[in-house]
Amino acid sequence: MSPPDVTLTGRRIVYPFGGTMYKTHACGSLRPEHIGQRVSLAGWVNRRRDHGGLTFIDLRDRSGIIQIIANPEISSESHQIVEEVRNEWVLQVEGIVQRRPKDMENPALPTGEVEVEVDKIHVLNQALTPPFPINEETEVDEMLRLKYRYLDLRRQRMQYNLELRYRMVKYIRDFLDERGFWEVETPILFKTTPEGARDYLVPSRVHPGEFYALPQSPQQLKQLLMVAGVERYFQIARCFRDEDQRGDRQPEFTQLDLEMSFVEREDVMAITEELFSSMVEELVPEKSTFAAPWPRLTFQEALARFGRDDPDIRFGLELKDLSDLAVDCGFKIFERAVESDGEVRGINAKGCGEYSRREIDELTEFVAEFGAKGLAFLAVDEGGEHRSSFSKHMGPERIQAVLDRLEAQSGDLLLFVAGQPQVVFESLGRLRVYLADRLGLRDPDVLAFCWVIDFPFVTWNEEEGRWDPSHHLFTSPLPEDIPLLDTDPSHARGQQYDMVLNGLEVGGGSIRIHDRGLQEKVFKLIGLQPEVARARFGHLLEAFEYGTPPHGGIAPGIDRICRMFAGESHIREVIAFPKNQAARDVMANAPSPAEAEQLKELHLRLVD
RNA sequence: GGGGGUGUAGUGUAGCGGUUUAACACGCUGGCCUGUCAAGCCAGAGAUCGCGGGUUCGAAUCCCGUCAUCCCCGCCA
């Protein structure tokens with residue numbers, strides 16, 4: 001059999017496979033060139049159209065659909081069998097590929113110019129009526145889909161998603177292989193992660209009272225591989241975190257774990273950009289992306305312009321700082337905000353000047369969820385008249401300055417939030433995305449990658465009264481900011497980079513600390529006693545004593561990126577067997593109670 | 001951990017205090033049909049309206065509880 005001939009046909013990547021005892025060809029591969037050939041096919045009944053005499057069957061396999069025609073004048077036996085057949089039965093058929101009669105072609109099918117007139121049909125298996133339609137894309141209750149996941153996956157949308165994901169992972173392997181990376185597997189049974197999310201624990205039978213933990217990521221191991229001289233490592237790594245679920249989170253997920261020696265952050269970013277930009281071109285050419293280099297935003301810039309550190313840069317509606325104009329402006333709410341170390345920022349909702357009071361109230365309620373005490377507005381009507389919640393308190397020159405700052409034109413709606421920076425950014429950042437959705441500005445065919453860099457190295461933990469690392473313990477600060485660790489830690493920046501796609505954080509990484517002195521300085525800064533550090537990270541710290549190269553890496557989330565490529569809104573749709581919102585596998589019913597016997601063997605006793 | 005939405009034949013929905021014997025579409029079953037491809041036509045089966053309690057002369061409809069599920073916040077790199 002010849003190697004797969006990969007072509008893109010619509011959303012499906014179709015290639016022929018066959019040449020087994022059951023089928024000479026894949027259903028979706030038949031074309032006019034096969035006319036006259038005797039073929040055997042096998043697949044599922046997608047649909048049956050019974051004309052009493054002639055009966056048509058759409059036979060479906062992974063590659064696509066072909067029309068089978070059972071003519072009683074050709075084979076009465078086959079025609080009789082076809083009478084009994086129902087949707088989703090598994091058939092093997094034999095017959096001759098024929099050109100369809102004139103005007104009977106189906107342009108909707110890639111195989112639509114031909115059909116197979118059968119003379120032999122074998123029912124390989126019967127099927128119950130499925131609990132939801134397999135042959136059309138209808139909305140189905142989520143729990144039902146998960147319960148019958150094997151049927152859900154039979155549907156075209158899910159087959160596309162499964163294949164897309166496979167292509168992504170294969171593309172990654174090929175791409176990195178060409179650049180000298182080795183894929184190395186790391187343990188699933190490993191050690192508890194001191195910081196971060198909750199661990200999944202695995203009791204040890206042979207060591208009573210002791211536990212493995214499933215890795216939250218192979219972070220420590222990939223750094224050890226750098227010490228080991230691997231220089232360029234990657235892994236399609238399964239990661240486990242026992243936290244509550246969200247639309248873009250699962251208890252287990254997959255990341256492209258990648259680490260390189262003798263690199264600076266630009267090196268890691270460059271190879272990541274090249275990987276994913278070329279992948280978009282290759283796998284989802286119908287989508288457009290920004291060519292490398294992707295836009296780089298500092299953390300401060302991301303906040304100032306978009307209100308978030310995971311900005312969606314596909315559209316404008318950017319935030320503008322108006323704090324300087326708020327001083328003595330006459331509008332008490334703005335003035336007080338600035339006086340109490342707060343600020344005033346606004347966005348220009350282009351073309352929303354006609355919004356009713358009620359619609360604006362709705363926006364106000366929206367930002368209230370994120371702590372905004374109110375939402376000041378200024379609608380610029382045609383002819384320069386204003387409708388505003390504050391213009392009567394503010395002089396005309398100051399209003400003009402506000403209009404200029406937000407580049408307002410007639411028909412625009414300007415929206416303002418005043419308060420503490422955190423609240424201003426959060427509420428306007430959310431409002432910006434909310435408005436973009438309302439205005440249809442988030443083009444699903446654009447994949448806008450960007451980098452956010454120069455994150456604060458540490459953040460102040462109010463509850464514990466100490467500095468916490470923003471990324472993780474082994475992230476290196478920017479070399480020029482190292483002196484700040486002693487004098488002004490809040491202004492030190494880390495060599496961290498977040499990979500953001502359409503407003504979703506899809507990966508993060510950093511250049512790591514490979515110098516013992518600097519590592520100790522960082523431990524000291526975050527209040528980690530040397531003894532405690534040794535207990536938690538002893539193996540790692542010891543390893544670092546034996547000649548550690550400068551290194552850094554990144555971990556792009558495969559599930560999230562795949563779901564964006566597939567145009568899906570949940571990573572569930574690109575995972576073959578996902579868990580539901582409550583972290584339960586409803587198909588297999590996991591987790592489930594353990595047998596008393598098993599518990600005993602594991603030296604475990606349930607407390608309630 | 002907190003908040004919100006949803007739950008009606010196999011599926012997707014309508015009905016939201018009484019002319020409902022719970023409706024429609026798809027699916028399912030049977031019949032007719034030789035060019036359909038969401039085939040068509042005819043007939044039919046299929047629902048104690050998630051579960052429990054309450055209000056009422058009367059509850060799918062209102063209230064309380066509970067379960068399931070989805071979403072948001074918290075949590076989470």
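Order of the sequence lines fixes the chain letters, A, B, ..., with proteins taken first and strands second; residue numbering starts at 1 for each chain.
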Using the [atom1] atom as the point on both nucleotides, what is the distance between [M] and [N], in whole Å?
N: B:G46; M: B:G40; atom1: C1'; value: 24 Å
N: B:C28; M: B:U11; atom1: P; value: 14 Å
N: B:U19; M: B:U29; atom1: C1'; value: 33 Å

Can we say [X] and [Y] salt-bridge, meaning some charged N sits less than 4.0 Å from an Asp/Glu carboxylate O?
X: A:Asp248; Y: A:Arg246; answer: no
X: A:Arg249; Y: A:Asp559; answer: no
X: A:Arg60; Y: A:Asp58; answer: no
X: A:Glu266; Y: A:Arg296; answer: yes

Examine the base of [N] for any acceptor or donor lying under 3.5 Å from a partner atom in the side chain of [X], and report the outcome as yes or no.
X: A:Arg100; N: B:C37; result: yes
X: A:Asp244; N: B:G74; result: yes
X: A:Arg430; N: B:C72; result: no
X: A:Arg246; N: B:G74; result: yes
X: A:Glu139; N: B:U11; result: no
X: A:Glu105; N: B:G35; result: no
X: A:Arg249; N: B:C76; result: yes

>> So, applying side-chain contact (heavy atoms from CB on, under 4.5 Å) with A:Met158, which one of A:Val574, A:Leu151, A:Asp152 is it?
In response: A:Asp152
> Of A:Trp451, A:Phe449, A:Tyr497, which is the lone residue that meets side-chain contact (heavy atoms from CB on, under 4.5 Å) with A:Thr272?
Replying inline: A:Trp451
Nearest-neighbour nucleotide for the [X] side chain, [options] considered:
X: A:Glu73; options: B:U34, B:G35, B:C37; value: B:U34
X: A:Phe370; options: B:C26, B:C73, B:U11; value: B:C73
X: A:Arg198; options: B:C75, B:C70, B:G27; value: B:C75
X: A:Thr129; options: B:U69, B:G27, B:G35; value: B:G27
X: A:Glu369; options: B:A68, B:C72, B:C26; value: B:C72
X: A:Glu142; options: B:U34, B:U36, B:C70; value: B:C70

Check the phosphate of [N] against [X], side-chain N and O only, distance under 4.0 Å to OP1 or OP2. Yes or no?
X: A:His570; N: B:C70; answer: no
X: A:Asn580; N: B:U69; answer: yes
X: A:Arg572; N: B:C71; answer: yes
X: A:Arg49; N: B:A39; answer: yes
X: A:Gln216; N: B:C76; answer: no
X: A:Arg47; N: B:A39; answer: yes

>> Do A:Arg31 and A:Pro110 make a side-chain contact, defined as non-hydrogen atoms from C-beta onward lying under 4.5 Å apart?
In response: yes
> Name the stems with RNA chain B in them: runs of three or more consecutive Watson-Crick or G-U pairs, distances under 3.5 Å?
Replying inline: B:1-7 with B:67-73, B:10-13 with B:23-26, B:28-32 with B:40-44, B:50-54 with B:62-66
>> Under 5.5 Å centre to centre and under 30° between planes: does that hold for A:His51 and the six-membered base ring of B:A39?
In response: yes
>> If stacking means aromatic ring centre less than 5.5 angstrom from the base's six-membered ring centre, planes under 30°, is A:Phe56 stacked on B:U36?
In response: yes
>> Both A:Ser470 and A:Phe132 contact RNA chain B. Which one's nearest nucleotide lies toward the 5' end?
In response: A:Phe132
>> Can you work out whether A:Pro131 or A:Asn71 has the more 5'-proximal nearest nucleotide on RNA chain B?
In response: A:Pro131
>> Any donor-acceptor pair under 3.5 Å linking the side-chain atoms of A:Trp89 with those of A:Glu84?
In response: no
>> Centroid separation under 6.0 Å, is that true for the rings of A:Trp467 and A:Trp460?
In response: yes
> Could you state the CD-C1' distance from A:Gln255 to B:C76, rounded to the nearest angstrom?
Replying inline: 13 Å
